Amino acid sequence: MMAFVAPPLSCHPLPTPNTKHSFHSIFTPKPKASLSFCATQTHQREPLTSPHNSLSQPNLLQEINNLCDSGNLSEALTLLQADSRNAISSLQQKKDAMGALLQACGRHKDVETGRKVHDLVSASTQLSNDFVLNTRIITMYSVCGSPSDSRLVFDGLQRKNLFQWNALVSGYARNELYGDAIDVFIELISVTVFKPDNFTFPCLIKACGGLLDVGLGQVIHGMAVKMGLMFDVFVGNALIAMYGKCGSIEDAVRVFDLMPERNLVSWNSMICGYSENGFSQQCYSLLRKILEGEESLVPDVATLVTILPLCAGKGEVNMGLVIHGVAVKLGLNQELMVTNALMDMYSKCGYLAEAQVLFDKNDKKNVVSWNSIIGGYSREGDVWGTFDLFRKMQTEEEKVKVNEVTVLNVLPACLEESKLLSLKKLHGYSFRHGFLYDELVANAFVAAYAKCGSLTSAEQVFHGIEMKTVSSWNAVIGGYAQNGDPKKALDLYLQMKYSGLDPDWFSIGSLLLACAHLKLLQHGRQIHGFVLRDGLETDSFIGISLLSFYIQCGKLSSARVLFDRMEAKSRVSWNAMITGYTQSGLPDEALDLFRQMLSNETLPCEIATMSVFEACSQLSSLRLGKELHCFALKACLTEDLFVGCSLIDMYAKSGCIEESHRVFDWLVKKDVPSWNAIIAGYGVHGHGSKALELFGEMVSLGQKPDGFTFIGVLTACSHAGLVKEGLKYFNQMQSLYGIDPKLEHYACVVDMLGRAGQLEEALNLIHEMPEEPDTRMWSSLLSSCRVHNNLDMGQKISDKLIELEPEKAESYVLLSNLYAASGKWDDVRRVQRRMKEMGLQKDAGHSWIEVGGQVYSFVAGDTSLPESGEIKKMWSRLEEKISKFGYRPNTGSVLHELEEEEEKIEILRRHSEKLAISFGLLKMSKGATLRICKNLRICVDCHNAAKLISKVVEREIVVRDNKRFHHFKHGLCSCGDYW
């Protein structure tokens, strides 16, 4: 069976078939109705004749039925052949016995015995043209999976009635040859006088559903109405199933509501339609109506096994528990299909222990039972548990055979680099037992090896596939695109094209991913052109892939145009666009789009929420962050660990480390990323000792630090001046925790040594490390050279920096500041001249503050603001007050060639952070904390002034510069004047 992806859910409620939206916890079904398990109509109503029994003749039909019931079809055939040779039974008895054996052959899928019965019928001059037997022969072949034989029998008939036509249509639909079913129907209404009946239409409607052709289904629906079959229960049930499968759930509801007579199959079909389209609440509402006694029906096995997968897919274990209770009340919990569905639901909802209990109590385990429990352990990443069950399955006394699904269910436990050995063992087993001949299994091994980082093994498995389909190529192309070698992915795509295969939507997605990784904008645009020419842009998967491609290539405007053109925007597309803005440093745009998402009545999920928290972090907008925190609480999103980490990070980057720690304490489960977030938060606030204390607590609780943990630890040591401790942890990374230091870790140590004035040691580390230093590392060391006035080393480093990034203004600015601090004004002018010739410009000092939910920005030296006069007066009063506590302007912070001290002092008075502080004191209530952000490192003079201002105004001032946070309070700074 093919699996169809349900279309995105609408935020608007859909009409439900005379149901309410509430759900009662206690159900009271009426006991008088009988159970039914008939999801689809499979039997045709034929004119049956009663056997003519005689006391003087042996009862052939009874003997044949007994043998068929016990599964002895070959013995039944032998008896029938002997009876035919000896002419013992009457013609009617032979006919009925042959019909019974043909039906048994279909039930047991025994096509060879069926052929021999067919030969007996053909050899009989009296029975070879019998309508009933020929109909059963056609049906037997189709049930045994041989519709071509059904067609041969049909074409060889001298006389045909509607039953044979219906049997052929049914056979094609049963074997998923939906186009052939439609063709036979067209032939029926074109060349015969027979009118399709209430058996023809359900089979035909099923074919429309299989083709996902709702337009054709509506045409057939219209024909049924014209022929007066609209109110037939079998036709109505088929229409409901077809519309549900095609995603036209409103049409399914209309058919359901108009049916004058509904049976349990009608309700099950409607529940299935809702389930296939993801409407869980409507499914549960229908179940409630049945249990309340609607139309005197009682749920059957089909009802429960339709709803339970929905509970599993949505993680709604509470509803799954209710269904389990219903199954127990109705005595259906002993049914194997129900038990398997319950196990699957519990395991997919994370309740593996409950699934294991059901598995252990099940004394009728089949391969589905074993596959369900193995899949549960595998999804949890429990390699030992998965393989233990896998071994037990093979030694099971009932001899349950491992199949392809078993192997596919084991594979998720082997998708990490550390599980490569287990993957190879499973691969060996699959090779020995011939499972690699299955395309799905082979493709899954290709993808698994790629995810484990063994791309060579992935390609070897791929080359071992004899008949490579598009799916096989997709597996290997996707493996390379997603796991580190996008160029190889593009080469493999070209090989696929040369082999004569055309790409599908998955190929396009993998290609776009490869182009995004390599920043091949032109190639990606060519692929976009191909998508447009082939009309694939409306495909949601390809639309998201194109969106992600433009975002990763930095073309946010192109991405936004594509996003705005999307007619049906899914949550994934909203998430991608919001995340793209955030990752590109455009927090305002991300927040605006998030507001549009809400006004569009699209409920945000965890990903969008994390992105907007990051946007608040970039803006350092505490008020907005708190509002979003409230929204996340109401939407029940804060229980997600990733959202929790984003909250910790948002509060830390907004200057509220205490609130950040409170969120951390609220987390029910603390994983490694949550520990990393709080350690990094304390580090950037300069609380190095607290960060190291948390690291020790993390390790003592059994959490294993990763590379990100040590970036937080080393950053904390750098900002707090804990050089000895920082070097100790840097050395322990590999020796104690087995983590190889990456460029980011070396950069932290270089920054730490540079801040501490150990410039030679920092330079030696750069020369000794295994990787080439990047520009950020050289910039950090050059900045330290300026702070510690090491002109010679600074000049050498600036040469290296400018060589790496000759068109980056920051490199020249750092060099100019180094010369200015040393009084080398000729060199300053030379550097500035070169910048001017290259068209480079220094970023002006820029600070901003949030007041009353609005962000106000200030640029150094700007006097054009409406409040400039008030700000100037406020600063004059502040300067007068702090001068009494020893404030003296530090003119060394002025890196301009000026002779008069007063000119330098005037420049200091107009620094952007002083303007922001003065504005905040003017506009904010008494005692409120001032929270200011700055795009550059805070200068010594502003730092000294801020300390004293916090004392004279008796309030805390928090400044976030481009490196760290400074908490000014009672005349002191949290950095201890070490920054």
Side-chain angles (χ1 to χ4, degrees), residues 3 5 308-315 317 320 340-356 358-359 365 367-394 400-431 433 435-436 438-455 457-458 461-462 465 471-472 474-484 506 509-510 606 640-642 671-672:
V5 180
L308 281 168
L310 190 65
C311 301
K314 291 187 171 288
V317 71
N340 289 341
L342 283 167
M343 282 170 44
D344 183 65
M345 181 274 296
Y346 280 123
S347 66
K348 286 179 178 175
C349 290
Y351 287 75
L352 199 52
E354 285 75 6
Q356 183 70 57
L358 286 174
F359 179 78
K365 301 181 186 75
V367 68
V368 177
S369 314
W370 283 96
N371 289 348
S372 294
I373 195 68
I374 287 171
Y377 277 91
S378 182
R379 284 187 295 272
E380 291 289 318
D382 185 348
V383 177
W384 187 90
T386 302
F387 277 85
D388 183 56
L389 282 165
F390 187 52
R391 283 188 290 270
K392 287 178 179 176
M393 180 180 181
Q394 296 167 63
V400 177
K401 288 186 178 180
V402 172
N403 61 14
E404 291 82 1
V405 177
T406 315
V407 176
L408 291 170
N409 278 5
V410 174
L411 271 171
C414 313
L415 299 182
E416 296 177 9
E417 195 169 344
S418 59
K419 312 290 172 56
L420 182 59
L421 183 59
S422 298
L423 177 61
K424 288 184 175 180
K425 289 178 181 177
L426 183 63
H427 185 190
Y429 174 89
S430 301
F431 178 79
H433 291 80
F435 290 128
L436 288 178
D438 183 270
E439 182 190 351
L440 285 175
V441 174
N443 294 346
F445 272 106
V446 172
Y449 273 119
K451 287 181 180 178
C452 287
S454 183
L455 293 170
S457 298
V461 175
F462 169 74
I465 301 172
S471 297
S472 309
N474 285 346
V476 71
I477 291 170
Y480 276 104
Q482 296 169 26
N483 297 283
F506 191 90
S510 296
E606 292 81 358
D640 182 84
L641 282 172
F642 294 103
D671 60 355
V672 172

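The structure displayed is predicted, hence computed values, not measured ones.
A side-chain donor-acceptor contact under 3.5 Å links Gln394 to the backbone of Phe390. Of the possible polar contacts, one joining the Asn483 side chain to the Gly479 backbone as a donor-acceptor pair under 3.5 Å is found. The backbone N or O of Asn409 lies less than 3.5 Å from a partner atom in the side chain of Ser378, making a donor-acceptor pair.
Going from atom CZ of Phe387 over to atom CG of Asp382 covers 11.0 Å, rounded to the nearest 0.5 Å. Remark: Leu420 CG to Leu415 CG distance equals 11.0 Å, nearest 0.5 Å. Note that the OH atom of Tyr480 and the CZ atom of Phe462 stand 10.0 Å from one another [nearest 0.5 Å]. Rounded to the nearest 0.5 angstrom, Phe359 CZ and Leu352 CG are separated by 11.5 Å. Rounded to the nearest 0.5 angstrom, Asn371 CG and Leu389 CG are separated by 11.0 Å. Here the straight-line distance linking atom NZ of Lys365 with atom CG of Leu358 works out to 11.0 Å at 0.5 Å rounding.
More than 12 non-hydrogen atoms from other residues, nucleotides or ligands lie less than 6.0 angstrom from OH of Tyr429.
Contact detail for Ser510 and Ala481: the closest heavy-atom pair is O-CB, 3.6 Å. Considering every non-hydrogen atom in both Cys311 and Gly320, the closest pair reads SG-N, 3.9 Å. Between Val407 and Leu426, the shortest heavy-atom contact is O-CD2, 4.1 Å. When every heavy atom of Ser347 is checked against every heavy atom of Arg379, the shortest pair comes out as OG-NH2, 3.0 Å. Heavy atoms only, all atoms of each residue included: Tyr377 and Gly385 are closest at CD2-CA, 4.2 Å.
The ring pair (Phe, Tyr, Trp, His ring centres under 6.0 Å) check on Tyr351 picks up nothing, with sequence neighbours excluded. Partners of Tyr449 by ring pair (Phe, Tyr, Trp, His ring centres under 6.0 Å), not counting sequence neighbours, listed by chain and number: His427.
Side-chain contact check for Thr406 and Asn403: at least one donor-acceptor pair (N or O, by modelled atom type) lies under 3.5 Å.
At a threshold of 4.5 Å between non-hydrogen side-chain atoms, the residues Ser372 and Val368 count as touching. For the pair Val400/Met393, a side-chain contact is recorded, criterion being any heavy-atom separation below 4.5 Å from C-beta on. The side-chain heavy atoms of Asn443 and Ile465, taken from C-beta on, include a pair separated by under 4.5 Å.
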TODO: Please step through side chain to side chain contact (heavy atoms under 4.5 Å, CB included) for the pair Trp370 and Val402, ending with a clear verdict.
DONE: CA-CA 9 Å; Trp370 283 96; Val402 172; over 6 Å; no

TODO: Kindly indicate, with the supporting measurements, whether the criterion side chain to side chain contact (heavy atoms under 4.5 Å, CB included) is fulfilled by Leu423 and Leu411.
DONE: CA-CA 7 Å; Leu423 177 61; Leu411 271 171; 3.4 Å; yes

- [ ] Before giving the answer on side chain to side chain contact (heavy atoms under 4.5 Å, CB included), spell out for Leu440 and Glu404 the whole-Å C-alpha distance, their side-chain angles and the decisive distance to 0.1 Å.
- [x] CA-CA 8 Å; Leu440 285 175; Glu404 291 82 1; over 6 Å; no

Open item on the list: Go through it in stages, so that I can follow the logic: the residues are Ile477 and Phe506, the test is side chain to side chain contact (heavy atoms under 4.5 Å, CB included), and I'd like the CA-CA distance, side-chain angles, deciding distance and then a yes or no.
Closed with: CA-CA 10 Å; Ile477 291 170; Phe506 191 90; over 6 Å; no

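Applying the side chain to side chain donor-acceptor pair (under 3.5 Å) test to every pair with at least one member in residues 412-426, sequence neighbours left out, gives no pairs at all.
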